[in-house]
**Student:** 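Can you keep this structure in mind? I'll have questions shortly.
What's counted below: heavy atoms across the whole structure, side chains too, no hydrogens, waters or symmetry copies.
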Amino acid sequence: MLVYPSSIDLSSRILRFLTGQLAARRQEIGTRWRRLPAARQALLALAHLRCGDTYTQLAAGFGIGIATVYRYIREAVEALAALAPSLTEAMKTIRTKAFVILDGTLLPIDRIAAGTPYYSGKHKRHGMNVQVLTDPFGRLLWASSALPGSTHDLTAARQHAIIEALADAGLKCWADKAYQGTGGPVRVPFRGRRLKRWKRRHNTTHAKIRCLSERAMATIKGWRLLRKLRCSTNRITNVVQAVLVLHHASA
């Protein structure tokens with residue numbers, strides 16, 4: 001296989017952060033020797049998460065076996081996911097915002113038609129549902145664990161207890177029509193085709209605010225691995241949480 005130098009559009013700050021976490025983990029478990037030092041393992045994991053490089057490509061580029069690549073990446077992802085804040089922990093930061101924006105996204109997976117629970121009728125494809133909270137400027141604050149793609153956004157928000165957490169914090173929240181019926185702190189646009197003029201104006205203003213959440217979605221999809229996940233669905237939550245931690249580390 002041919003090998004060539006490439007680049008990753010991430011700062012060295014993220015590499016140092018992940019290297020420190022992996023070095024601490026190696027010291028904790030008493031590792032004496034590895035095929036790659038902690039810095040190279042961190043670079044390997046970042047290449048996989050950010051660029052979506054396959055295990056075979058990474059094995060050739062780093063001069064190690066495919067099984068070793070798998071173990072190194074899984075170790076890095078689990079170490080990062082352990083640092084991800086729960087919704088309760090994240091609310092300490094979120095409650096300081098004027099308001100938040102709630103939105104859901106579908107992370108595509110390579111499932112066949114037999115995977116009914118993972119098929120999203122809205123997006124017409126298989127995937128995993130992830131709920132996201134952003135600040136008024138569209139900056140990513142928190143991401144939920146992944147649920148099967150057939151899960152409706154409203155159901156997912158209730159299952160993650162997002163509505164209750166926002167109500168307890170006294171925070172206002174903007175969301176799209178998928179969250180119709182939540183009540184409480186969540187504001188959604190009016191539904192219907194023949195709306196009164198004031199309702200149309202309200203929907204226009206609402207859309208201008210809510211559309212900023214697309215910035216957070218772009219941040220998530222900037223990690224190319226999340227554009228088409230080929231790993232076990234049981235590991236997707238850890239991948240999402242790892243990306244969230246790396247994003248906050250770069251801020």
**Student:** Could you tell me whether the side chain of Asn203 reaches within less than 4.5 Å of the side chain of Lys199, counting heavy atoms only?
**Tutor:**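 In short, these two side chains do not touch, never coming nearer than 4.5 Å.
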**Student:** Within this structure, what is the CE-SG distance for the pair Met217 and Cys211, rounded to the nearest 0.5 Å?
**Tutor:**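 So the CE of Met217 and the SG of Cys211 are separated by 12.5 Å.
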**Student:** Got Gln21 and Arg25 here, is their nearest side-chain heavy-atom distance under 4.5 Å?
**Tutor:**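 Contact flag for Gln21/Arg25 side chains = no.
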**Student:** Is there a side-chain contact between Leu147 and His160, using heavy atoms and a 4.5 Å cut-off?
**Tutor:**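 They are in contact (side-chain heavy atoms under 4.5 Å apart), so the answer is yes.
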**Student:** Which heavy atom of Pro136 sits nearest to which heavy atom of Lys97, and what is that distance?
**Tutor:**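 Minimum heavy-atom contact is CD-CB, 4.3 Å.
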**Student:** Output the distance between atom SG (Cys173) and atom CG (Leu166), rounded to the nearest 0.5 Å.
**Tutor:**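 Going from SG on Cys173 over to CG on Leu166, the span is 5.0 Å.
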**Student:** Calculate, to the nearest 0.5 Å, the distance between atoms CG and OH belonging to Leu102 and Tyr179 respectively.
**Tutor:**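 If we round to the nearest 0.5 Å, Leu102:CG and Tyr179:OH are 4.0 Å apart.
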**Student:** So does Asp110 get a backbone contact from the side chain of Arg230, meaning a donor-acceptor N/O pair under 3.5 Å?
**Tutor:**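 Judged by distance alone, no pair lies under 3.5 Å.
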**Student:** Take atom CZ of Arg125 as the centre, draw a 6.0 Å sphere, and report whether it contains more than 12 heavy atoms from other residues, nucleotides or ligands.
**Tutor:**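 At most 12 heavy atoms, drawn from other residues, nucleotides or ligands, come within 6.0 Å of this atom.
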**Student:** Please tell me if the side chains of His206 and Phe190 come closer than 4.5 Å, counting only heavy atoms from C-beta onward.
**Tutor:**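 Counting from C-beta outward, His206 and Phe190 never come under 4.5 Å.
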**Student:** List the atom pairs, donor and acceptor, that lie under 3.5 Å between side-chain atoms in residues 47-69 and the rest of the protein, sequence neighbours left out.
**Tutor:**
residue	atom	partner	partner atom	Å
His48	ND1	Asp53	O	2.8
Arg50	NE	Asp9	OD1	3.0
Arg50	NH2	Asp9	OD2	3.3
Thr54	OG1	Gln57	N	3.3
Thr54	OG1	Gln57	OE1	3.3
Gln57	OE1	Thr54	N	2.9
Thr68	OG1	Arg71	NH2	3.4

**Student:** What distance separates Ser144 OG from Leu87 CG, expressed to the nearest 0.5 Å?
**Tutor:**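 Here the interatomic distance stands at 9.5 Å.
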**Student:** Would you call Thr93 and Trp142 a side-chain contact if the rule is heavy atoms closer than 4.5 Å?
**Tutor:**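 In short, these two side chains do not touch, never coming nearer than 4.5 Å.
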**Student:** Could you tell me the separation between the CE atom of Met128 and the OG atom of Ser150, rounded to the nearest 0.5 Å?
**Tutor:**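 OG of Ser150 is found 9.5 Å from CE of Met128.
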**Student:** Can you find a pair of side-chain heavy atoms, one from Lys221 and one from Leu107, that are under 4.5 Å apart?
**Tutor:**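 Result yes, sub-4.5 Å side-chain heavy-atom pair found.
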**Student:** Can you see which heavy atom on Pro148 is nearest to which on Asn129, and at what distance?
**Tutor:**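 So the minimum-distance heavy-atom pair works out to O-CB, 3.9 Å.
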**Student:** Look at the rings of Phe99 and Trp174 and say which category their plane angle falls in: under 30° parallel, 30 to 60° tilted, over 60° perpendicular.
**Tutor:**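 The arrangement is tilted - the two ring planes meet at 30° to 60°.
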**Student:** Under 4.5 Å between any side-chain heavy atoms of Leu46 and Leu246, yes or no?
**Tutor:**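 Yes, at least one pair of side-chain atoms sits under 4.5 Å.
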**Student:** Counting C-beta onward and ignoring hydrogens, is there a side-chain heavy-atom pair between Pro185 and Ile163 closer than 4.5 Å?
**Tutor:**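 Pro185 vs Ile163: side chains touch.
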**Student:** Between Ala143 and Leu244, which heavy-atom pair has the shortest distance, and what is it?
**Tutor:**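 Closest pair (atom of Ala143, atom of Leu244, distance): N-CD2, 3.8 Å.
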**Student:** Hydrophobic cluster membership, with links at side-chain heavy-atom distances under 4.5 Å among I/L/V/M/F/W/Y: are Ile101 and Ile162 in one?
**Tutor:**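 Not linked; separate clusters.
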**Student:** Tell me the ring pair (Phe, Tyr, Trp, His ring centres under 6.0 Å) pairs involving residues 207-251, sequence neighbours left out?
**Tutor:**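 Passing the test, one end in residues 207-251: no pairs.
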**Student:** Kindly write out the residues that satisfy side chain to side chain contact (heavy atoms under 4.5 Å, CB included) with Ala242, not counting sequence neighbours, or none if the list is empty.
**Tutor:**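 Checked Ala242 against side chain to side chain contact (heavy atoms under 4.5 Å, CB included); matches are Val77, Leu80.
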**Student:** Donor-acceptor check, side chain of Arg95 to backbone of Leu171, threshold 3.5 angstrom: yes or no?
**Tutor:**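 Answer holds: no.
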**Student:** Any chance you could measure Arg26, atom CZ, to Trp33, atom CH2, to the nearest 0.5 Å?
**Tutor:**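 If I round to the nearest 0.5 Å, the distance is 10.5 Å.
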